[in-house]
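Numbers restart at 1 for each chain; the letters A, B, ... are given by sequence-line order, proteins then strands. What you see is a predicted model; the values in this text were computed from it and never measured.
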2 protein chains.
Amino acid sequence: MPPVNRDVTIGDVASQAGVSRAQTARALGGYGSVSEAVHSRVLAAAEQLGYRANSLARSVSTGRSQSVGVVVGDIENPFFALSVRGISDTLRKAGYDVVLMNTGESPDLEVDAVRALDGKRVDGFLIAPALAPSYPHLQALVVSGRPLVLFDREAPGLVAPSVVVDVEVAARELIDDVVEAGHHRIGFVSTLSSPAASWNEDPQIAHTPVGRRLRAVADALRAYDLDLHAKDVRVGARGADDIRRHVRELVSGEDPVTTLLASDAVIAVSALEELRSLDVAVPGDVSVAVFDDPPWAGLVSPPLTVVSQPVLETGTAAARLLLGVMAGRSRAEVPALSAHLVRRGSIGPARAMQ
Amino acid sequence: MPPVNRDVTIGDVASQAGVSRAQTARALGGYGSVSEAVHSRVLAAAEQLGYRANSLARSVSTGRSQSVGVVVGDIENPFFALSVRGISDTLRKAGYDVVLMNTGESPDLEVDAVRALDGKRVDGFLIAPALAPSYPHLQALVVSGRPLVLFDREAPGLVAPSVVVDVEVAARELIDDVVEAGHHRIGFVSTLSSPAASWNEDPQIAHTPVGRRLRAVADALRAYDLDLHAKDVRVGARGADDIRRHVRELVSGEDPVTTLLASDAVIAVSALEELRSLDVAVPGDVSVAVFDDPPWAGLVSPPLTVVSQPVLETGTAAARLLLGVMAGRSRAEVPALSAHLVRRGSIGPARAMQ
DNA sequence: CTGAAAGCGCTAACAC
DNA sequence: GTGTTAGCGCTTTCAG
């Protein structure tokens with residue numbers, strides 16, 4: 001009596017095997033105690049009927065879904081792609097699936113995403129929050145005690161662990177090199193829209209990777225009594241053309257910078273394109289460094305000096321941390337991840353002042 | 001009477017609002033008909049109690065989950081990352097969530113992934129199947145009528161639509177250029193393990209992007225009475241070092257190739273690294289082309305001539321196709337996507353025979 | 001080790 | 001419009 005137009009259920013398997021539904025469920029679900037005889041009888045019946053477990057029904061019954069929600073701004077971004085791989089691999093080994101939400105860095109979509117995941121009763125959340133004035137949706141997760149771990153970014157005022165990369169030491173080493181090469185005018189380019197006029201006035205930016213990089217650079221410069229000039233920090237670039245415009249403005253004109261810092265590999269591509277079309281030599285005319293170590297960094301001329309970040313580790317660490325939180329370890333240690341400087345060849349002596 | 005240690009349910013909201021559960025569900029779920037008065041009363045009660053809809057329960061009841069399962073080999077791979085972005089964006093607009101499974105190209109994990117997704121009762125499947133001898137797990141989906149769309153790869157013998165990129169025309173243009181530049185020995189490097197001794201003996205490879213590229217190249221060469229030599233096709237490279245070894249063997253020795261084709265950007269990076277360390281000039285000593293157009297292709301010296309593929313479109317097209325299938329349009333048109341040649345500068349005159 | 005029965009939270013027929 | 005009632009498929013007491 002195979003069911004006509006509906007899924008095979010545990011009940012079907014039960015009658016086929018001549019056992020109770022409860023016992024069938026135990027055999028199929030691998031819990032409780034069931035005799036060897038019943039076990040094999042049930043499995044045979046299930047196989048014969050083509051039974052497919054319905055984990056949705058199980059979840060509504062148990063209250064757990066064995067899946068975690070992951071929210072990122074842009075899965076296309078190699079940083080997130082690689083993080084998600086680390087997350088996915090780590091969680092799978094622990095028996096969890098990943099429900100992925102891509103927000104396009106839109107705070108509204110992020111709110112929707114969290115709501116949807118919550119509706120699916122995911123057992124935990126892994127979120128790289130988009131830049132927003134406040135985080136009521138995340139706050140709500142926290143107050144209702146749902147396991148939440150942030151990564152790549154932090155949310156000011158939120159008491160949730162966050163896995164971020166420490167760039168201080170690497171940035172200091174970088175700036176040491178740069179300053180010792182005679183540079184004192186440094187430009188920084190990033191894509192990150194902020195309402196604030198200047199980067200260090202914006203409390204939100206401070207909690208983003210870009211903010212941390214900027215602060216680390218500024219701190220390192222301060223040791224030499226140098227400053228990051230406000231007009232040399234371009235954090236609001238929008239798209240390739242805009243990046244190139246910012247770069248152009250920074251390296252040309254009256255008072256050009258002699259070192260250019262790209263906030264990530266995407267920025268670096270546009271920046272290098274612009275420098276090339278401007279016939280600006282690297283590192284002859286301007287030195288360049290990138291906060292990211294893309295696979296091609298060593299292939300261009302000159303090979304790029306970069307601050308390399310442990311990206312995969314960010315993902316695995318965040319996932320592991322979340323597993324701890326879900327297991328009830330509330331006092332989980334947030335792992336320390338550090339970037340490191342890779343000297344290749346795009347930092348050179350500062351061009352003599354004209 | 002807020003519930004003690006359990007989720008707020010529709011029942012709680014109902015009593016708080018003084019309406020029946022059914023009516024409350026209708027108001028909250030936005031279906032059926034409910035008066036304005038009741039509607040607002042329910043919403044207020046829900047808000048006040050902090051009600052969170054349980055879409056799992058809904059799914060158990062309705063039989064639909066409003067989510068689709070996506071299975072890829074490696075989310076870290078820019079191709080998949082970008083495809084998934086297209087998929088995710090397209091599906092979200094249609095009201096579907098994405099459950100992502102990363103298999104690491106392991107057929108076993110792929111089987112597990114499909115089973116897990118099926119257990120979650122996803123409404124459809126979007127799969128880039130790993131290379132395997134056969135596809136019983138996918139076949140099972142097909143026979144039980146579950147919406148399934150493949151992308152990037154095909155599964156021999158499976159009657160499921162597949163969204164792949166047509167490289168024939170672009171490859172022909174590329175080979176025209178190459179042959180007219182005087183080349184007749186062409187090497188091809190890829191990472192794809194196959195049991196077959198030679199690429200064109202393996203029926204599985206034919207259905208992968210790599211196989212399509214190889215075939216297109218071979219076909220184009222044939223027009224000139226030229227052949228892809230078996231020993232010049234290296235499809236089994238494993239990891240960066242192995243890729244470099246293959247490249248080394250291809251361009252050196254008695255009878256070197258004069259043109260090197262990289263199957264994707266990852267291969268290209270290692271290949272270019274090896275050529276550089278070998279002091280082989282491009283395109284002076286050997287010409288190079290890549291079946292992929294990474295952002296940095298124009299940055300290296302020389303800028304890379306590539307066959308560019310519509311990656312985002314692959315994702316969106318596959319998602320749209322799946323939406324059609326899920327909507328019951330069984331005779332959906334598989335969209336035609338084509339690659340195109342981007343001439344930049346890595347193809348040059350063949351080195352004179354020594 | 002086994003089974004009966006109640007319950008998870010929501011939807012859907014059916015009456016009113 | 002609204003409420004009643006019976007499910008959806010699985011788990012989980014609680015007896016035995």
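Checking dA12(C), dC10(D), dC10(C) against every side-chain atom of A22(B), the shortest atom distance belongs to dA12(C). For R58(B), whose side chain is taken as the heavy atoms from C-beta onward, the closest listed nucleotide among dG9(C), dG3(C), dT11(C) is dT11(C). Nearest nucleotide to the R26(A) side chain, out of dT13(D), dG9(C), dC10(D): dT13(D). Proximity note for Q23(A) (side chain, C-beta onward) versus dC10(C), dT12(D), dC1(C): the nearest is dC1(C).
The distance from atom CZ of R64(A) to atom P of dC8(C) is 16 Å, rounded to the nearest whole Å. The nearest whole Å value for the distance from the CG atom in L56(A) to the P atom in dG7(D) is 21 Å. When the C1' atom of dG7(C) is taken as reference, atom CZ of R21(A) falls 12 Å away, rounded to whole Å. Straight-line distance from the CZ atom of R6(B) to the C1' atom of dT12(D): 17 Å, rounded to whole Å. When rounded to the nearest whole Å, the span between CD1 of I10(B) and P of dG3(D) equals 13 Å.
Residues from residues 29-46 of chain B placing a heavy atom under 4.0 Å of any atom in DNA chain D, listed by number, are S33(B), V34(B), S35(B), V38(B).
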Should S144(B) and R146(B) be marked as a side chain to side chain donor-acceptor pair (under 3.5 Å) after you check the CA-CA gap, both sets of side-chain angles, and the distance that decides it?
CA-CA 6 Å; S144(B) 49; R146(B) 268 181 272 294; 2.8 Å; yes
When you look at L28(B) and I10(B), which way does the side chain to side chain contact (heavy atoms under 4.5 Å, CB included) test go after all the steps?
CA-CA 9 Å; L28(B) 257 19; I10(B) 268 193; 4.0 Å; yes
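Here the side chains of S67(B) and D123(B) are not in contact, with every heavy-atom distance at 4.5 Å or above.
Under the 3.5 Å distance criterion, the side-chain polar atoms of R153(A) are matched with a main-chain donor or acceptor of P129(A). The backbone N or O of L56(B) lies less than 3.5 Å from no partner atom in the side chain of S59(A), so there is not a single donor-acceptor pair.
Heavy-atom nearest nucleotides on DNA chain D were determined for R121(B) and for T24(B), and the one closer to the 5' end corresponds to T24(B).
Within the structure, a side-chain polar atom (N or O) of S20(B) is placed less than 4.0 Å from OP1 or OP2 of dG3(D).
Among residues two or more places apart in sequence or in another chain, the salt bridge (Lys or Arg N to Asp or Glu O under 4.0 Å) test is passed with E313(B) by none.
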